[in-house]
2 protein chains.
Amino acid sequence: MVPTTIWLVEDNVRYRNTLAGVINRAQRMICSQAFARCEEALDLLQHTPPPDVILLDIGLPGISGIQGLEKFKQIAPATHIIILTVYDDNDKVFNALCAGASGYLLKDSTPEKIIAAIDEVLAGGAPMNMQIAHKVLEMFTRLKPVQADYGLTEREREILQQLVSGLTKQQIADKLFISFHTVNTHCKNIYSKLHVNTLSGAISKAYREHLI
Amino acid sequence: MVPTTIWLVEDNVRYRNTLAGVINRAQRMICSQAFARCEEALDLLQHTPPPDVILLDIGLPGISGIQGLEKFKQIAPATHIIILTVYDDNDKVFNALCAGASGYLLKDSTPEKIIAAIDEVLAGGAPMNMQIAHKVLEMFTRLKPVQADYGLTEREREILQQLVSGLTKQQIADKLFISFHTVNTHCKNIYSKLHVNTLSGAISKAYREHLI
DNA sequence: TGCAAAATACCACAAACGTGCGATTGTCCC
DNA sequence: GGGACAATCGCACGTTTGTGGTATTTTGCA
């Protein structure tokens with residue numbers, strides 16, 4: 001049975017060696033490469049078959065783990081990348097996950113957890129520490145459209161939609177088979193309901209408050 | 001020691017009873033209420049201290065679990081709600097998490113997993129099945145800004161930013177201490193670079209492609 | 001049946017925008 | 001020294017928008 005190949009990118013020598021030891025002692029896993037910097041790993045990735053999994057630190061000298069992550073994914077999209085870091089701030093977590101991380105572990109994770117995480121990504125999962133998972137769900141609640149209700153009618157929403165798409169009033173009139181004057185009237189009502197008095201204000205409000 | 005109080009909302013009688021049994025056999029947990037419909041639970045929540053955790057199905061008669069989730073959260077924001085359902089489509093997962101679910105389990109979860117999930121939310125975690133966690137991370141990669149580069153200069157981005165915020169050219173000129181003509185020229189260049197010829201087109205492009 | 005809201009249409013005028021030109025200054029880099 | 005680029009400023013003119021009105025028809029609902 002072919003063992004799972006794993007690369008490490010971690011600048012702390014001792015932690016890197018410890019990790020490599022943990023992985024190599026696990027069944028069917030081999031830590032075939034370990035680097036202190038993303039640049040080295042990226043170089044090698046150009047001429048070598050990619051590993052199954054990369055364990056990646058974020059706080060690295062040179063290009064950061066998150067920037068590196070994007071580049072890794074460009075070269076080897078199928079390789080799973082698990083972030084292993086001390087950083088748990090929303091920004092780092094968010095950016096790492098957007099960049100395509102398959103998992104996010106904190107460095108206080110036990111060796112067993114780390115091995116389990118590798119198994120989990122290979123099984124199609126997304127290993128995360130408890131607190132990271134919690135942050136992730138919190139981020140979702142912030143995405144929730146607040147949907148302020150300005151009492152726009154259906155037709156007004158339709159006109160607003162067309163304005164947002166970049167058409168002029170005349171073009172909207174033509175598209176909806178109504179007169180310019182009607183579109184103009186609708187716009188007046190929309191502006192009044194949204195408390196704006198420019199097109200740009202209306203469009204911005206539409207985007208920001210998910211009116212469209 | 002006060003036991004953790006748990007409510008169930010699950011329309012299948014047999015599964016509901018099984019779940020209640022599992023919970024009541026666990027240490028320091030009590031299933032104090034079990035409902036077939038959200039409406040009943042919402043009624044009782046008006047006159048009763050809220051439970052610590054609600055296990056909530058999604059496919060319910062009457063108002064759906066996701067709509068119910070929003071109402072539960074309005075009445076009892078501190079209560080943790082764990083979705084327990086057969087549905088694993090992106091839309092349901094996304095909406096449930098946006099509505100404030102603390103966890104998302106599929107019904108093929110073992111009794112041990114369910115009990116562990118309750119413990120996990122109480123400890124500040126966010127229990128999810130492996131496949132759900134994977135979906136969640138996938139959703140993040142879709143959020144990733146594509147950041148098309150239209151070669152806007154720093155000043156042009158600044159002007160665009162002001163346009164998006166709803167100011168007129170004259171207002172921008174005053175704000176940045178430059179002449180109207182300069183703003184006008186920048187606008188011309190912005191429009192040319194973005195391949196648009198109206199303000200609305202520029203603003204929409206800015207929002208849609210995360211230029212700002 | 002009758003009322004309120006929504007959708008439609010029109011006019012006029014000032015303000016703001018879009019676009020065609022041209023021009024100067026400063027900076028960076030080869 | 002010269003070329004490329006960014007930022008600045010200017011003018012003219014036609015187009016579009018924003019806003020003040022008024023008015024008719026359709027539609028939903030009580």
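Distances shown here put a side-chain N or O of A:Y191 below 4.0 Å from the OP1 or OP2 atom of D:dG18. Listed pair A:H186 / C:dT8 meets the phosphate criterion, a side-chain N or O lying under 4.0 Å from OP1 or OP2.
For A:L199, taking side-chain heavy atoms from C-beta onward, the closest of the listed nucleotides C:dA16, D:dC11, D:dG18 is D:dG18. Listed nucleotides D:dG18, C:dG18, C:dA9 differ in distance to B:N197; the shortest reach to its side chain belongs to C:dG18. Between D:dG10, C:dA16, D:dG18, one nucleotide has an atom nearer to the side chain of B:T168 than all others, and that is C:dA16. Counting only heavy atoms from C-beta on, B:E154 has its side chain closest to D:dA7 among C:dT8, D:dG10, D:dA7.
Under the 3.5 Å distance criterion, the side-chain polar atoms of A:N184 are left unmatched by any main-chain donor or acceptor of A:F180.
A:F180 places its CZ atom 13 Å from the P atom of D:dT19, with the value rounded to the nearest Å. Atom NE2 in B:H181 sits about 9 Å away from atom P in D:dC9, given to the nearest Å. At whole-Å resolution of the value, NZ in A:K169 and C1' in C:dT8 are 16 Å apart. In this structure, B:N189 atom CG and D:dC5 atom C1' are separated by 11 Å, rounded to whole Å. For B:R157 and D:dA7, the CZ to C1' distance is 15 Å, given to the nearest whole Å. Regarding B:E156, its CD atom lies at a distance of 13 Å from the P atom of D:dC5, rounded to whole Å. Atom-to-atom, CZ of A:R155 to C1' of D:dG28 comes out at 17 Å; the value is rounded to the nearest Å. At whole-Å resolution of the value, CD1 in B:I178 and C1' in C:dG26 are 16 Å apart.
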Before giving the answer on salt bridge (Lys or Arg N to Asp or Glu O under 4.0 Å), spell out for A:E158 and A:R155 the whole-Å C-alpha distance, their side-chain angles and the decisive distance to 0.1 Å. CA-CA 5 Å; A:E158 191 178 5; A:R155 194 57 152 176; 2.9 Å; yes
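Looking at which nucleotide of DNA chain D each of B:F177 and B:G151 is closest to, the 5′-most match is held by B:G151. Across the interface with DNA chain C, nearest-nucleotide mapping of B:V196 and A:K188 shows A:K188 to be the residue nearer the 5′ end. Between B:L163 and A:T182, the one whose closest nucleotide on DNA chain C sits nearer the 5' end is A:T182.
Under 4.0 Å is where a charged nitrogen must lie from a carboxylate oxygen, and between A:D57 and A:R16 no such pair does.
Under the 4.5 Å side-chain criterion, counting only non-hydrogen atoms from C-beta, A:L8 is in contact with A:I23. Counting heavy atoms from C-beta outward, A:K107 and A:E10 have side chains that approach closer than 4.5 Å.
Nucleic acid contact class of A:N184 (heavy atoms, under 4.0 Å, all strands): base. Counting any heavy atom pair closer than 4.0 Å across all strands shown, A:T185 reaches a base atom.
A side-chain contact (heavy atoms from CB on, under 4.5 Å) with A:S179 is found for exactly one of A:T182, A:V183, A:L176, namely A:T182.
Atom NZ of B:K113 sits in a sparse spot, with 12 or fewer heavy atoms from other residues, nucleotides or ligands closer than 6.0 Å.
With axes fitted over five pairs at each extremity, the angle between the ends of the helix from C:dT1-D:dA30 to C:dC30-D:dG1 is 60° (10° resolution).
Judged by distance alone with a 3.5 Å cut-off, no donor-acceptor contact links the side chain of B:T153 to the base of D:dC5.
Ring geometry, B:F94 versus A:F140: the interplanar angle exceeds 60°, so the pair is classed perpendicular (tilted spans 30 to 60°).
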